[in-house]
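Read the structure below first, then the notes.
All chains are named by letter (A, B, ...) in the order of the sequence lines, taking the proteins before the strands, and each is independently numbered beginning at 1. Any value given below was found using the heavy atoms of this structure, including those in side chains, with hydrogens, waters and symmetry copies removed.
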There are 2 protein chains.
Amino acid sequence: MADYPEFSVTTDLVVLTVRGAALQVLLVRRGIEPFRGAWALPGGFVLAGEDLDTAAVRELREETGLTAPGGHLEQLATYGEPGRDPRGRVVTVAYLALLPDLPTPVAGSDAASADWVTLPAGELAFDHARILADGVERARAKLEYTPLATAFCPPEFTISELREVYETVWGATLDPRNFHRKVTSTPGFVEPVGRSVAAERGRPAQLFRRGPTRLLHPPMLRPAS
Amino acid sequence: MADYPEFSVTTDLVVLTVRGAALQVLLVRRGIEPFRGAWALPGGFVLAGEDLDTAAVRELREETGLTAPGGHLEQLATYGEPGRDPRGRVVTVAYLALLPDLPTPVAGSDAASADWVTLPAGELAFDHARILADGVERARAKLEYTPLATAFCPPEFTISELREVYETVWGATLDPRNFHRKVTSTPGFVEPVGRSVAAERGRPAQLFRRGPTRLLHPPMLRPAS
DNA sequence: GCAAAAGTGTTCGCCTTACACCCATGA
DNA sequence: TCATGGGTGTAAGGCGAACACTTTTGC
């Protein structure tokens, strides 16, 4: 063991949400060098005796004040190119988090300042632009064959809200009628709550909550580019 | 940086191949403690100044003597649970490699001994059984929507050979006629070489090589379980 | 009633499936 | 000529895309 090089290990988070009609990512302004003042993904060093997943959850809570109830957190990929951090040899295990649009704004507790930024998000510190791009691509792909779009929604939601998530993340427009039928006919995707909610205009929409299925059969199909 | 804990980083490889009608994984017998004498995934420590991908390619070459020409190598996932290595805090970046059934047997150059083991592969050192399971699941899923099955085949192959790869990895039987039509009609999946090869019995089969497509439209469908 | 959004019915065409059938070779 | 595997034709059924149509609300 002593013959081999030592690394620092960090977890960085690609935290995505859908607000209005925009896909947004949680970014922090770096308060220290390197890249002081630049936007970066939230994250930090893994502590001794701490699991990688635990570190990611802790960073998410520290940066956003949330524990992702109803949200989703998964490992994305690991980045370890020798020159990627000027401070030394740092390996970053990136995580992807999908959260509903929470009324609580970001409380930058220990970060200099944190904010939601609409994509595309311009220049980022380190290789975070690439990590962000990988996370967005993963999210787009996973909407097809998993019910993870519900992670962007509150616990109870309408089919239209769910459709807006798909349209925002994919940057496409979907037929409301066929989307409704597809979602409600896919076993275990959503379950009716039994109540309705009045919209600003038009017929009230039924409320649904997420179903038990973790994999969609058949998958939702992204329109041809 | 000095305030944060130091880690060792390794790359471990899930190297899969299809031989005969069996899905096999490359395993090594550990020559040193811990887990001396047990089967383990090939791999080793990342060197100073070495990229993670580069380390994976190096380990693959050192353990198998191959540079995976025509094969496939991708990052799988990262495992960093505190107690997973009794020697200390080790984070392992796992890679998945898909290789054709090479005439060259495994040359265990610096490993104690390496061999192909038919799945399922019993007890493994560390948490390698879980890493292996993750790799097999990734391979099964990727055959659906990518042309990676060709990574298990030699540069030129018949449609029947490709079908045997699918059948072996999925553990399912596929209709030869429909499989042939599906593969040859999916744009960019395979390209005809123009030559044929005589089989032991029956009509000679046309040879194909892999096409340029990286994503299958439409995907190959796994039969309902 | 009218506008607007929710939700249903129906048709068309493509793709999968199942399987009949023909082709090319060795014995 | 027969057995065997390679490859094509074709009809039935399922599903997605498109869109007409009905339902339920606010004004």
Whole-Å distance between [N] [atom2] and [X] [atom1]?
| X | N | atom1 | atom2 | answer |
| --- | --- | --- | --- | --- |
| A/M220 | D/dC15 | CE | C1' | 13 Å |
| A/H217 | D/dG14 | NE2 | P | 19 Å |
| B/E161 | D/dG7 | CD | P | 11 Å |
| B/L216 | C/dC15 | CG | P | 14 Å |
| A/H180 | C/dT10 | NE2 | P | 17 Å |
| A/Q206 | C/dG7 | CD | C1' | 9 Å |
| B/F208 | D/dG6 | CZ | C1' | 10 Å |

How long is the span from the CG atom in A/L162 to the CZ atom in A/F208, to the nearest 0.5 Å?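 That separation rounds to 10.0 Å.
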
The test is side chain to side chain donor-acceptor pair (under 3.5 Å); show your working for A/D12 and A/Y79 and say whether it passes. CA-CA 10 Å; A/D12 286 349; A/Y79 303 82; over 6 Å; no

How would nucleotides 17-27 of chain D be written as a contact map, 5' to 3', with B for base contact, S for sugar-phosphate-only contact and - for no contact, using protein heavy atoms under 4.0 Å? BBBBB-BBB--

Pick base, sugar-phosphate or nothing for A/S160, based on heavy-atom distances below 4.0 Å to the nucleic acid. sugar-phosphate

Sugar-phosphate only, base, or nothing, as touched by A/P218 at under 4.0 Å among non-hydrogen atoms: sugar-phosphate

Any side-chain N or O of A/K182 below 4.0 angstrom from OP1/OP2 of D/dG16?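 Result: yes.
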
Applying salt bridge (charged side-chain N to carboxylate O under 4.0 Å, His left out), which residue pairs with at least one partner in residues 146-173 of chain A are found, sequence neighbours left out?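 Checked against salt bridge (charged side-chain N to carboxylate O under 4.0 Å, His left out) - neighbours excluded - the pairs reaching residues 146-173 of chain A are A/E156-A/R195, A/R163-A/E167.
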
Does a donor on one side chain and an acceptor on the other come within less than 3.5 Å for A/R84 and A/T92? yes

Verify the distance criterion only: is there a donor paired with an acceptor across the side chains of A/T118 and A/Q24 at less than 3.5 Å? yes

Salt bridge present between A/R210 and A/E191 (N-O < 4.0 angstrom): no

